[in-house]
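The structure appears below as structure tokens.
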Amino acid sequence: MENKTSKYIKYAVGEILLIVFGIFIALQLQNWNEKRKQEDQFKVILEQLYNSIKFDTEIFESEKEFYEYKWGLVQNVLNHADSLSFNELVRSLFIITNQSQPYESESQFHVQNLQYNPNNLAQNEVVKEIVTYANNIKKSYDIDNKLEHLLEDTNIASPGVDFTQDGLGSLKADSSYYSITDVKNLERLVRSDKLRAILKSLQSKLILNKFTAQNRNADGLSIMRMIKAYYPEVKIVYSDVGIIGTSIDGYDDVGAKSTPMILADVANSIWELDLFLKKGTVKFRCRDSWTQNWGASRTDGSIFPKGAAEQDGPNIPIEKAGDYHITLNLNTNSYEFKFLKKINK
């Protein structure tokens with residue numbers, strides 16, 4: 001009986017240890033599964049952030065180039081007003097007064113949905129940098145309307161838009177739109193000390209805004225590199241990318257739609273298409289909308305047949321008609337039109 005009792009006790013202890021071990025393994029598996037689910041969810045939001053920050057950087061790069069472009073116009077008016085035609089003067093002044101709406105990034109929305117594990121040091125570091133970035137881009141640029149008000153007080157109306165011209169229209173500033181009185185008023189205005197003082201003040205603000213946009217762009221690119229290091233498989237996601245312009249069927253003003261492009265490389269977001277193009281201009285865009293669109297760079301010397309694809313950039317000129325292999329890389333923001341052959345159409 002004593003031998004049997006000893007065996008029963010050993011058997012019972014063994015059973016208890018086996019059950020405890022099973023429970024421990026089950027808890028470990030459950031904990032591992034919860035961490036995996038949390039990690040998967042974290043990466044989903046992280047990829048959304050990666051894409052929204054990519055769009056941020058495109059906006060900031062476009063803003064930087066636009067402020068630089070406007071600074072050049074101010075310099076031209078200040079230093080060469082006497083040699084500029086009325087058309088050049090009035091267009092320059094109203095482009096300078098053009099103020100874009102304050103940009104509201106989607107990144108701030110995605111940050112609110114970013115659930116992270118406080119015990120995961122790598123996630124903590126990524127989230128901390130993303131939150132800092134999102135808070136820094138909330139501040140809007142300083143907007144000054146003194147020049148616009150001065151032009152209004154001088155009775156110089158903003159140029160009309162001629163929709164018979166290429167693209168979304170061009171500024172109309174000819175004799176059919178402005179009177180001789182308007183021309184004389186503007187000539188007096190550009191020689192006035194008040195206008196020159198306003199333009200000089202604008203120069204400083206344009207430089208400040210340019211560097212602000214440049215810094216925000218650099219911050220965004222840095223965050224993207226950090227996300228890529230944490231999550232190497234993260235990718236840029238765009239849908240329904242197309243090409244539109246007078247080199248195809250025209251722009252929206254004539255009821256044209258984008259010609260769809262083919263996603264040739266998912267990982268690098270490279271879109272391609274073989275297409276006949278007439279001499280004219282084109283732009284790239286998503287979902288037949290101008291919310292996300294890419295044109296030529298305002299400051300890059302190379303525009304055709306290849307160049308940097310800039311968010312909200314000007315139309316890309318197609319210099320000769322023919323068949324082209326078109327490539328748009330939305331990972332590096334670049335495009336190329338490879339001439340295949342000339343066709344008489």
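The structure places CG of Leu328 at 10.5 Å from CG of Leu263, a figure rounded to the nearest 0.5 Å. A distance of 10.5 Å separates CG of Asn333 from OG of Ser297, quoted to the nearest 0.5 Å. A distance of 5.5 Å separates CD1 of Ile243 from CG of Leu277, quoted to the nearest 0.5 Å. Distance CG/Leu330 to NZ/Lys54: 6.0 Å, rounded to 0.5 Å. Between atom OH of residue Tyr324 and atom CD1 of residue Ile318 there is a gap of 6.0 Å, rounded to the nearest 0.5 Å. How far CG of Asn136 is from OG1 of Thr212: 11.0 Å, rounded to the nearest 0.5 Å.
You'll find the side chain of Arg196 reaches within 4.5 Å of the side chain of Leu78, heavy atoms only. Side chains of Ile95 and Tyr69 form a contact here, defined as non-hydrogen atoms less than 4.5 Å apart. Side-chain contact check for Asn185 versus Thr181: some heavy-atom pair is nearer than 4.5 Å. Within the 4.5 Å cutoff, no side-chain heavy atoms of Phe55 are placed close to those of Glu106. Within the 4.5 Å cutoff, no side-chain heavy atoms of Lys235 are placed close to those of Ser269. In this structure the side chain of Tyr103 reaches within 4.5 angstrom of the side chain of Phe60, judged on heavy atoms. When side chains are defined from C-beta on, Ile156 counts as touching Val90, because their heavy atoms get closer than 4.5 Å. Between Lys138 and Asn135, the closest side-chain pair of non-hydrogen atoms falls below 4.5 Å.
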(message) Could you go through Leu150 and Lys194, starting from their C-alpha distance and side-chain angles, then the distance that decides it, and tell me whether this counts as side chain to side chain contact (heavy atoms under 4.5 Å, CB included)?
(response) CA-CA 9 Å; Leu150 181 60; Lys194 188 171 185 179; 4.1 Å; yes
(request) Test side chain to side chain contact (heavy atoms under 4.5 Å, CB included) on Tyr178 and Leu186 and set out the steps. (result) CA-CA 11 Å; Tyr178 289 101; Leu186 186 64; over 6 Å; no
(request) Evaluate the side chain to side chain contact (heavy atoms under 4.5 Å, CB included) criterion for residues Arg36 and Asp40: first the C-alpha distance (whole Å), next the side-chain angles of each, then the deciding distance (0.1 Å), finally the verdict. (result) CA-CA 6 Å; Arg36 183 185 59 79; Asp40 290 344; 3.3 Å; yes
(request) Determine, step by step, whether Ser179 and Asp182 satisfy the side-chain hydrogen bond (donor to acceptor under 3.5 Å, both in side chains) criterion, reporting the C-alpha distance in whole Å, the side-chain angles of both residues, the deciding distance to 0.1 Å, and the verdict. (result) CA-CA 5 Å; Ser179 66; Asp182 294 331; 3.2 Å; yes
(message) Please evaluate residues Leu46 and Val234 with respect to the criterion side chain to side chain contact (heavy atoms under 4.5 Å, CB included), reporting the C-alpha separation (whole Å), side-chain torsions for both, the decisive distance (0.1 Å), and the verdict.
(response) CA-CA 8 Å; Leu46 209 58; Val234 70; over 6 Å; no
(request) Kindly indicate, with the supporting measurements, whether the criterion side-chain hydrogen bond (donor to acceptor under 3.5 Å, both in side chains) is fulfilled by Ser258 and Asp288. (result) CA-CA 6 Å; Ser258 305; Asp288 272 331; 2.8 Å; yes
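Nearest heavy atoms, Ala321 versus Phe276: CB-CZ, 4.3 Å. Minimum interatomic distance between Val77 and Ser92 (heavy atoms only, all atoms of both residues): CG2-CB, 4.0 Å. Shown here for Asn293 and Lys283, the closest heavy-atom pair between the two residues is OD1-NZ, 2.9 Å. Nearest heavy-atom pair across Met224 and Ile53 is CG-CG2, 3.7 Å. Between Tyr133 and Asp219, the shortest heavy-atom contact is CD1-CB, 4.0 Å. The minimum heavy-atom distance linking Asn124 with Pro118 is given by the pair ND2-O, 2.7 Å.
The number of heavy-atom neighbours closer than 6.0 Å to NZ of Lys146, taken from other residues, nucleotides and ligands shown, is 12 or below. The environment of CG in Asp153 is crowded: more than 12 heavy-atom neighbours from other residues, nucleotides or ligands sit within 6.0 Å. Around atom NZ of Lys200, no more than 12 heavy atoms belonging to other residues, nucleotides or ligands sit under 6.0 Å away. Other residues, nucleotides and ligands contribute more than 12 heavy atoms inside 6.0 Å of the OH atom of Tyr238. A 6.0 Å sphere centred on OH of Tyr116 holds no more than 12 heavy atoms belonging to other residues, nucleotides or ligands. For Glu319, the CD atom sits in a packed shell: over 12 heavy atoms of surrounding residues, nucleotides or ligands are nearer than 6.0 Å.
A donor-acceptor pair under 3.5 Å links the side-chain atoms of Thr246 to the main chain of Thr281, judged by distance alone. Lys338 places no side-chain N or O within 3.5 Å of a backbone atom of Thr327 that could act as its donor or acceptor partner. Under a 3.5 Å cut-off, the side chain of Ser62 and the backbone N or O of Gln311 do form a donor-acceptor pair. The backbone N or O of Val237 lies less than 3.5 Å from a partner atom in the side chain of Asn51, making a donor-acceptor pair. Put simply, the side chain of Lys278 gets close to the backbone of Ile248: a donor and an acceptor are under 3.5 Å apart. Here the side chain of Glu88 pairs a donor or acceptor atom with the backbone of Ser85 at under 3.5 angstrom. No donor-acceptor pair under 3.5 Å is formed between the side chain of Glu58 and the backbone N or O of Ala309. A donor-acceptor pair under 3.5 Å links the side-chain atoms of Asn215 to the main chain of Phe211, judged by distance alone. With hydrogens and angles disregarded, no donor-acceptor distance shorter than 3.5 Å links the side chain of Arg285 to the backbone of Thr291.
A side-chain contact (heavy atoms from CB on, under 4.5 Å) with Ile223 is found for exactly one of Leu49, Thr132, Ile130, namely Ile130.
Scanning for side-chain hydrogen bond (donor to acceptor under 3.5 Å, both in side chains) contacts around Gln41 gives an empty result, with sequence neighbours left out. Under the rule for a side chain to side chain contact (heavy atoms under 4.5 Å, CB included), the partners of Ala122 that lie at least two apart in sequence or sit in another chain are Asn120, Tyr230. Annotation: side-chain hydrogen bond (donor to acceptor under 3.5 Å, both in side chains) contacts of Asp274 (sequence neighbours excluded): His325.
Residue pairs satisfying the salt bridge (Lys or Arg N to Asp or Glu O under 4.0 Å) criterion with at least one member in residues 303-312, sequence neighbours excluded, are listed as follows: Arg298-Glu310. Pairs passing the side-chain hydrogen bond (donor to acceptor under 3.5 Å, both in side chains) check and including a residue from residues 73-83, sequence neighbours excluded, read Gln75-Gln203.
Salt bridge annotation for Glu187-Lys184: absent, with no cationic side-chain nitrogen under 4.0 angstrom from a carboxylate oxygen. Comment: Lys128 engages Glu125 in a salt bridge, judged by a side-chain N to carboxylate O separation of less than 4.0 angstrom. Under a 4.0 Å N-O distance rule, the pair Glu47/Lys43 does not qualify as a salt bridge.
When the side chains of ILVMFWY residues are joined at heavy-atom separations under 4.5 Å, either directly or via intervening members, Phe66 and Val74 end up in a single hydrophobic cluster.
Val20 belongs to a hydrophobic cluster whose remaining members, ordered by chain and number, are Ile16; membership requires side-chain heavy atoms of ILVMFWY residues under 4.5 Å apart, directly or through intermediates.
Between Tyr335 and Phe284, the ring planes lie tilted relative to each other; the angle falls in the 30° to 60° range.
For the residue pair Asn329 / Ser334, no side-chain donor-acceptor distance below 3.5 Å is found, with atom types taken as modelled.
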